Novice: 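First, the structure itself, so that you have it in front of you.
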Amino acid sequence: MVTTGNRAAETRELILATAERLFAERGVFAVSNRQVGEEAGQGNNFAVGYHFGTKADLVRAIVRRHTEPMERTRERMLAEVEHSREPRDWVACLVRPYTAHLAELGNPTWFARFSAQVMTDPGLRQTTVDEALATEPMRRIVDGLNRCLPAVPLPVHLERGAMARNLISHTLAEREAALAAGAPTPKPSWDAAATSLIDAIVGLLLAPVTPTGA
């Protein structure tokens, strides 16, 4: 028997999946809550607001929908690298849960492109970054990575962190889009793409720092 609670859960899941796809394809700013509701087959123009609240709340719910399975993978990886002094081990904890999750979802997926779109929205970018960094596994990863990195000026450290986030976001979004379109990709699998991305991020984090004014 289908209960009211089951129907509400199904409606929420349908809205989340629809919003993720539309935001990925068109951009978060370009899609209204009403458009999401219409695309999800909801006759009530206020269905999205009823179930999720504001657009920022909807975006946050989409992020959390994917964060939970990735965090389970990070927990398993952390158990293996907890005392490592190798930056690569910690960067892998950032990247591989993401790529493994995308691989498990099959094709097409929209989460990587959704995430990249969110990162271009000034109003939502910091909210999303804060949401991602608020989990206990992510805090442990950031702390572990920081212990391994050479000392650099704080502005350089923060800048490289932002560069690494953008590299992850846009590299995975481009691969996801290519797979959805049936286009060739530089790497044959998500696992191989993760290895290449980890190489690049470790190189970025360990790169020499040119003195200001040199």
Side-chain angles (χ1 to χ4, degrees), residues 9-42 47-74 93-135 137-138 161-183 185-187 189-191 193-194 197 201:
E10 290 173 359
T11 299
R12 285 173 58 87
E13 183 64 22
L14 178 59
I15 290 172
L16 285 175
T18 302
E20 181 181 323
R21 175 175 58 81
L22 292 179
F23 291 159
E25 293 175 343
R26 305 179 192 174
V28 179
F29 181 76
V31 178
S32 67
N33 281 2
R34 175 174 292 189
Q35 288 173 309
V36 171
E38 290 175 351
E39 190 77 11
Q42 302 302 303
V48 175
Y50 172 79
H51 286 282
F52 295 100
T54 66
K55 181 180 285 188
D57 294 326
L58 177 60
V59 167
R60 195 175 291 111
I62 295 171
V63 172
R64 290 174 179 171
R65 179 172 178 249
H66 292 276
T67 296
E68 291 180 5
M70 290 192 288
E71 292 302 88
R72 289 194 293 269
T73 303
R74 288 196 172 100
C93 289
L94 292 174
V95 175
R96 290 202 184 278
Y98 196 164
T99 54
H101 178 59
L102 292 172
E104 289 170 2
L105 291 175
N107 184 46
T109 59
W110 288 274
F111 183 58
R113 285 172 286 172
F114 157 81
S115 299
Q117 291 283 8
V118 169
M119 292 299 286
T120 66
D121 187 302
L124 295 172
R125 179 174 58 245
Q126 194 58 51
T127 297
T128 306
V129 171
D130 291 344
E131 183 79 21
L133 294 178
T135 68
M138 284 296 291
M163 289 177 178
R165 287 194 298 271
N166 287 328
L167 189 57
I168 293 171
S169 177
H170 292 288
T171 299
L172 299 186
E174 288 178 8
R175 176 177 170 78
E176 182 183 72
L179 289 173
T185 58
K187 300 297 179 182
S189 67
W190 281 111
D191 185 65
L197 190 51
I201 293 172

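Since this is a predicted model, take the numbers as computed values, not measurements.
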Novice: To the nearest 0.5 Å, tell me how far I62 CD1 sits from T67 OG1.
Specialist: 11.5 Å
Novice: List the atom pairs, with distances to 0.1 Å, where a side-chain N or O of residues 100-108 and a protein N or O form a donor-acceptor pair under 3.5 Å, not counting sequence neighbours.
Specialist:
residue, atom, partner, partner atom, Å
H101, NE2, H66, ND1, 2.8
N107, ND2, L179, O, 3.1

Novice: List in chain and number order the residues that pass side-chain hydrogen bond (donor to acceptor under 3.5 Å, both in side chains) with R125, two or more places apart in sequence or in another chain; answer none if no residue qualifies.
Specialist: none
Novice: Supply the atom-to-atom distance W110 CH2 to T18 OG1, rounded to the nearest 0.5 angstrom.
Specialist: 9.5 Å
Novice: Please name all residues satisfying side-chain contact (heavy atoms from CB on, under 4.5 Å) with R74, sequence neighbours left out, ordered by chain then number.
Specialist: M70, E71, P97, P137, M138, I141
Novice: Go through the steps to decide whether E68 and R64 satisfy the test salt bridge (Lys or Arg N to Asp or Glu O under 4.0 Å), and finish with yes or no.
Specialist: CA-CA 6 Å; E68 291 180 5; R64 290 174 179 171; over 6 Å; no
Novice: Indicate every side-chain donor-acceptor pair of residues 164-174 with a distance under 3.5 Å to a residue at least two apart or in another chain.
Specialist:
residue, atom, partner, partner atom, Å
N166, ND2, A162, O, 3.3
T171, OG1, L167, O, 2.7

Novice: I'd like to know if the side chain of E20 and the backbone of A17 have a donor-acceptor N/O pair within less than 3.5 Å.
Specialist: no
Novice: If you look at every heavy atom in P122 and T120, which pair is closest and at what distance?
Specialist: CD-O, 3.4 Å
Novice: Not counting sequence neighbours, which residues clear side-chain contact (heavy atoms from CB on, under 4.5 Å) with A193? List them please.
Specialist: R175, K187
Novice: Under the rule for ring-ring contact (aromatic ring centres under 6.0 Å, His included), what residues qualify as partners of Y98, not counting sequence neighbours?
Specialist: F111
Novice: The criterion is salt bridge (Lys or Arg N to Asp or Glu O under 4.0 Å); which residues satisfy it with R72, sequence neighbours excluded?
Specialist: none
Novice: Below 4.0 angstrom, N of the basic side chain to O of the carboxylate: do R34 and E38 qualify?
Specialist: no
Novice: Enumerate the salt bridge (charged side-chain N to carboxylate O under 4.0 Å, His left out) contacts for residues 110-121, please, sequence neighbours excluded, ordered by first and then second residue.
Specialist: R113-E176
Novice: Rounded to the nearest 0.5 Å, how far apart are CG of L94 and CG of L197?
Specialist: 10.0 Å
Novice: Applying side chain to side chain contact (heavy atoms under 4.5 Å, CB included) to R26 and Q117, what does each step give before you reach the verdict?
Specialist: CA-CA 9 Å; R26 305 179 192 174; Q117 291 283 8; over 6 Å; no
Novice: Looking at residues at least two apart in the chain, or sitting in another chain, which of them share a side-chain hydrogen bond (donor to acceptor under 3.5 Å, both in side chains) with R60?
Specialist: D57
Novice: Using the side-chain hydrogen bond (donor to acceptor under 3.5 Å, both in side chains) criterion, which residues pair with T73? Sequence neighbours excluded.
Specialist: R76
Novice: Over all heavy atoms of both residues, which pair between G37 and V48 is shortest? Give the atoms and the distance, please.
Specialist: N-CG2, 3.7 Å
Novice: May I ask you to test the F29-L124 pair for a side-chain heavy-atom distance under 4.5 Å?
Specialist: no
Novice: How close do A40 and L14 get, heavy atom to heavy atom, and via which atoms?
Specialist: O-CD2, 3.1 Å
Novice: Measuring only between side-chain heavy atoms, which start at C-beta, is F114 closer than 4.5 Å to R21?
Specialist: no
Novice: Run the side-chain contact (heavy atoms from CB on, under 4.5 Å) test against P186 and tell me which residues pass, sequence neighbours left out.
Specialist: none
Novice: So how far is it from L16 CG to R65 CZ, rounded to the nearest 0.5 Å?
Specialist: 5.5 Å
Novice: Just jot down the side-chain contact (heavy atoms from CB on, under 4.5 Å) partners of A194, sequence neighbours excluded, or say none.
Specialist: V95, R96, T99
Novice: Rounded to the nearest 0.5 Å, how far apart are CD of E10 and CD1 of I15?
Specialist: 12.0 Å
Novice: Give a yes or no on whether the backbone of G49 and the side-chain of K55 come within a donor-acceptor separation of less than 3.5 Å.
Specialist: no
